[in-house]
Undergrad: 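Below are the structure tokens for one structure; questions will follow.
Order of the sequence lines sets the chain letters (A, B, ...), proteins ahead of strands, with each chain counted from 1.
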2 protein chains.
Amino acid sequence: MVVSKDDKVKNEILIKAQGLFQIYGLKKTTMDEIAAACGKAKSTLYHYFKSKDEVFDAVINLEITSLRKAVKVNVDQKTNLTDKILAYFVTFHEEAFQRINLYRVVKQEIKIEAIGQLHFNKLFEFEKEYISRILEDGFDSGEYTEFAKDDIGWLSKTLIAAFLGIVRYMVESDEGIDTVKLKKAANMIIPKIFT
Amino acid sequence: MVVSKDDKVKNEILIKAQGLFQIYGLKKTTMDEIAAACGKAKSTLYHYFKSKDEVFDAVINLEITSLRKAVKVNVDQKTNLTDKILAYFVTFHEEAFQRINLYRVVKQEIKIEAIGQLHFNKLFEFEKEYISRILEDGFDSGEYTEFAKDDIGWLSKTLIAAFLGIVRYMVESDEGIDTVKLKKAANMIIPKIFT
DNA sequence: ATTCGACTATTTATGTTTTTTAGTCGGTTG
DNA sequence: CAACCGACTAAAAAACATAAATAGTCGAAT
């Protein structure tokens, strides 16, 4: 069989853990609880995962993977640079806010807590890489000439920082995530140079 | 005389407090220290200010006032909308980072601590109002037609949130505040519609 | 009206104990 | 022998108590 017994149990644990993390968060979910939810002893979990962090990591990666898939679908549909970046930002954040664990990481990160930092940095890094690639494609195809290629690294970081600022504000002010506003914001941030 | 004795002493206290806040921050500066710096007893301070918070408030307002003045000078020099907004953002943040107390509030705010919140909100509110006014002027003069007037409130909030996101990133990543980059960022955020 | 010193009421820091929880280990079972 | 368990340990977190620092009050003095 393609999916081994090992993978199956691992997945079972992850699903249960995911459910608990969603309800209680990382800190308030204990390994005993996860074990109980799986109908196993705690020590058994350590047969599949080295540590609690590794379990959480795996859950987050599960969600990031599915998020990336969703984003890719939307971005690939678009044909020009501006639409791609716009689609990227809108989809990314729509999808992220649908995934409570990720949302938590971002929200925790806003309040700068130790644990979220790593995941957030990874997220930021991923966003930067993704945007950089889109920009580079635009450059190579000659679609985009306004900035030097050397600026792409800085450019994508700034784009993301700005966009994250808006999302942050939406979260903090409890104004919720309004897709229409999000689109407007994205449209405003993405420099018209791109069009 | 125009400046009353009362105001003179108040100012003396504020100057001393400002110096101490700059060195030690709000929490690590005691009322006893401020009093000692003024060569007065602590209880005397309470004759001029209701509480320690009121002293800090007054200091912050002192700095905000001088900052506003500096910003206004730069903005007023510009003739068109885009330049005004650009000048506003660049000057505002340049000046803010020169004022350690304000900088502290902003930085504290990044780590969301109770005390900074109020000041930060006030700052945010001020920035919003200021930008709104600039935008409205642009509308009224017919310089700007792309957005509806109703959108100005949302527009200025978004602009500020985005810009704050970039500043935040600069602070967090310890990349420092590079004016050239700041200008680039501002240029990128301010939609080309304005030009 | 200003100032002060002595006082109180809160916060904050410190140290101690208890409880909770992550992670280990030897042994059991299918 | 891979998957599991229960009992154990070590480390972290929570709870508690105590001491110290500090914000803020008040009556008296100038």
Side-chain angles (χ1 to χ4, degrees), chain A residues 1-21 23-60 108 111-119, chain B residues 1-21 23-60 101 104 108 111-119:
Chain A
M1 52 182 170
V2 184
V3 179
S4 69
K5 174 80 193 302
D6 191 84
D7 282 346
K8 230 176 163 176
V9 177
K10 259 188 168 171
N11 205 53
E12 151 87 1
I13 294 169
L14 253 31
I15 299 296
K16 297 293 186 188
Q18 186 175 38
L20 288 166
F21 285 144
I23 301 168
Y24 304 112
L26 170 60
K27 266 173 87 176
K28 289 284 173 192
T29 303
T30 70
M31 288 298 266
D32 276 312
E33 284 169 337
I34 298 172
C38 300
K40 298 191 184 302
K42 181 177 61 172
S43 50
T44 304
L45 299 191
Y46 286 89
H47 191 77
Y48 296 95
F49 297 95
K50 273 218 307 285
S51 66
K52 186 184 174 183
D53 276 344
E54 207 179 275
V55 176
F56 189 67
D57 249 55
V59 170
I60 293 290
Q108 261 185 326
K111 306 197 174 167
I112 310 266
E113 280 174 23
I115 198 68
Q117 193 80 43
L118 254 144
H119 296 289
Chain B
M1 55 180 166
V2 185
V3 179
S4 69
K5 173 82 193 298
D6 190 85
D7 282 346
K8 229 175 163 178
V9 177
K10 260 188 167 171
N11 204 54
E12 150 87 2
I13 294 169
L14 253 31
I15 298 298
K16 297 293 186 190
Q18 184 175 39
L20 288 167
F21 285 145
I23 300 168
Y24 304 112
L26 170 60
K27 266 174 87 177
K28 290 284 175 192
T29 302
T30 70
M31 288 296 267
D32 276 314
E33 284 169 339
I34 298 171
C38 300
K40 296 190 184 300
K42 181 176 62 171
S43 49
T44 305
L45 300 191
Y46 285 91
H47 193 259
Y48 297 95
F49 297 95
K50 273 217 307 286
S51 67
K52 187 184 175 182
D53 275 345
E54 207 178 275
V55 176
F56 189 68
D57 248 54
V59 170
I60 293 292
N101 279 331
R104 273 231 177 85
Q108 262 184 326
K111 305 197 175 167
I112 310 266
E113 281 175 22
I115 199 69
Q117 192 80 43
L118 254 143
H119 297 289

Undergrad: Over how many whole Å does the gap from A:K8 atom NZ to D:dA2 atom C1' extend?
TA: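 These atoms are roughly 17 Å apart.
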Undergrad: To the nearest 0.5 Å, what is the distance between OG1 (B:T29) and NZ (B:K52)?
TA: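 Interatomic distance, B:T29 OG1 to B:K52 NZ, rounded to 0.5 Å: 6.5 Å.
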Undergrad: Calculate the interatomic distance between B:F49 atom CZ and D:dA23 atom P; express it in whole Å.
TA: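 Going from B:F49 (CZ) to D:dA23 (P), I get 15 Å.
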Undergrad: Any side-chain N or O of A:H47 under 4.0 Å from OP1/OP2 of D:dA3?
TA: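 It does, given that an N or O in the side chain of A:H47 lies less than 4.0 Å from OP1 or OP2 of D:dA3.
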Undergrad: Residues in salt bridge (charged side-chain N to carboxylate O under 4.0 Å, His left out) with B:E54, at least two apart?
TA: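 B:E54: salt bridge (charged side-chain N to carboxylate O under 4.0 Å, His left out) contacts with B:K50.
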Undergrad: Once salt bridge (charged side-chain N to carboxylate O under 4.0 Å, His left out) is applied, do any residues pair with A:K28, and if so which ones, sequence neighbours excluded?
TA: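 So A:K28 forms no salt bridge (charged side-chain N to carboxylate O under 4.0 Å, His left out) with any residue.
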Undergrad: Nearest 0.5 Å, what's the OG1-CD1 distance between A:T44 and A:I13?
TA: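 With rounding to 0.5 Å, OG1 (A:T44) is 8.0 Å from CD1 (A:I13).
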Undergrad: Rounded to the nearest 0.5 Å, how far apart are CG of A:L20 and CZ of A:F56?
TA: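 If I round to the nearest 0.5 Å, the distance is 12.5 Å.
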Undergrad: Where is the tightest heavy-atom contact between A:F49 and A:A58, given as atom of each residue plus distance?
TA: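 Heavy atoms of A:F49 and A:A58 come nearest at CE2-CB, 4.2 Å.
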Undergrad: When you check every protein heavy atom under 4.0 Å of nucleotides 24-30 of chain C, what one-letter string (B, S, -) results, 5' to 3'?
TA: BB-----
Undergrad: A:N11: which residues meet the side-chain contact (heavy atoms from CB on, under 4.5 Å) condition with it, sequence neighbours left out?
TA: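 Once residues adjacent in sequence are excluded, the partners of A:N11 under the side-chain contact (heavy atoms from CB on, under 4.5 Å) criterion are A:I15.
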Undergrad: Roughly how many Å is it from CG in A:D32 to P in D:dA7, rounded to a whole number?
TA: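 About 13 Å, once rounded to whole Å.
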Undergrad: When rounded to the nearest 0.5 angstrom, what is the spacing between CD in A:Q18 and CD1 in A:I23?
TA: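 It comes to 11.0 Å.
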Undergrad: CG of A:D53 to CD1 of A:I60: how many Å apart, nearest 0.5 Å?
TA: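 CD1 of A:I60 is found 11.0 Å from CG of A:D53.
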Undergrad: Please report the distance, rounded to the nearest Å, between CG in A:D7 and P in D:dA2.
TA: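 Rounded to the whole Å, the gap is 16 Å.
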Undergrad: To the nearest 0.5 Å, tell me how far B:F21 CZ sits from B:L14 CG.
TA: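 Between B:F21 CZ and B:L14 CG, I get 9.0 Å after rounding to 0.5 Å.
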Undergrad: Output the rounded distance in Å from CD (A:E12) to P (D:dA3).
TA: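 Rounding to the nearest Å, CD of A:E12 and P of D:dA3 are 15 Å apart.
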Undergrad: Which whole-number value in Å describes the distance from A:K10 NZ to D:dA3 C1'?
TA: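 Atom-to-atom, A:K10 to D:dA3, this comes out as 14 Å.
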Undergrad: Quick check on contacts: within residues 33-40 of chain B, what sits under 4.0 Å from DNA chain C by heavy-atom distance?
TA: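 Of all residues in residues 33-40 of chain B, the ones placing a heavy atom under 4.0 Å from DNA chain C are B:G39, B:K40.
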Undergrad: With each end axis built from five pairs of C1' atoms, what bend angle do you get for the helix from C:dA1-D:dT30 to C:dG30-D:dC1? Round to 10°.
TA: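 For the helix from C:dA1-D:dT30 to C:dG30-D:dC1, the axes at opposite ends meet at about 30°.
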Undergrad: Pick out the pairs of N or O atoms, protein on one side and nucleotides 11-13 of chain D on the other, that lie under 3.5 Å.
TA:
none

Undergrad: Sequence neighbours excluded, which residues qualify as side-chain contact (heavy atoms from CB on, under 4.5 Å) partners of A:S43?
TA: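 With neighbours one apart ignored, the set is A:A41.
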Undergrad: Can I get a per-line list of side-chain donor-acceptor pairs under 3.5 Å for residues 30-39 of chain B, giving both atom names and the distance, sequence neighbours left out?
TA:
from: B:T30; atom 1: OG1; to: B:E33; atom 2: N; distance (Å): 3.0
from: B:E33; atom 1: OE1; to: B:T30; atom 2: N; distance (Å): 3.0

Undergrad: Provide, to the nearest angstrom, the distance between the CG atom belonging to B:L26 and the C1' atom belonging to D:dA23.
TA: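 Taking atom C1' of D:dA23 as the reference, CG of B:L26 is at 12 Å.
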Undergrad: Can you tell me if the side-chain N/O atoms of A:T44 get under 4.0 Å from OP1 or OP2 in D:dC5?
TA: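 For A:T44, the contact criterion (side-chain N or O under 4.0 Å from OP1 or OP2 of D:dC5) is met.
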Undergrad: Rounded to whole angstrom units, what separation is found between the NZ atom of B:K28 and the C1' atom of D:dA21?
TA: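 Distance check: B:K28 NZ to D:dA21 C1' gives 10 Å.
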Undergrad: Ignoring backbone atoms, test whether B:Y48 places a side-chain nitrogen or oxygen under 4.0 Å from the OP1 or OP2 oxygen of C:dT3.
TA: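 Answer is yes, contact under 4.0 Å.
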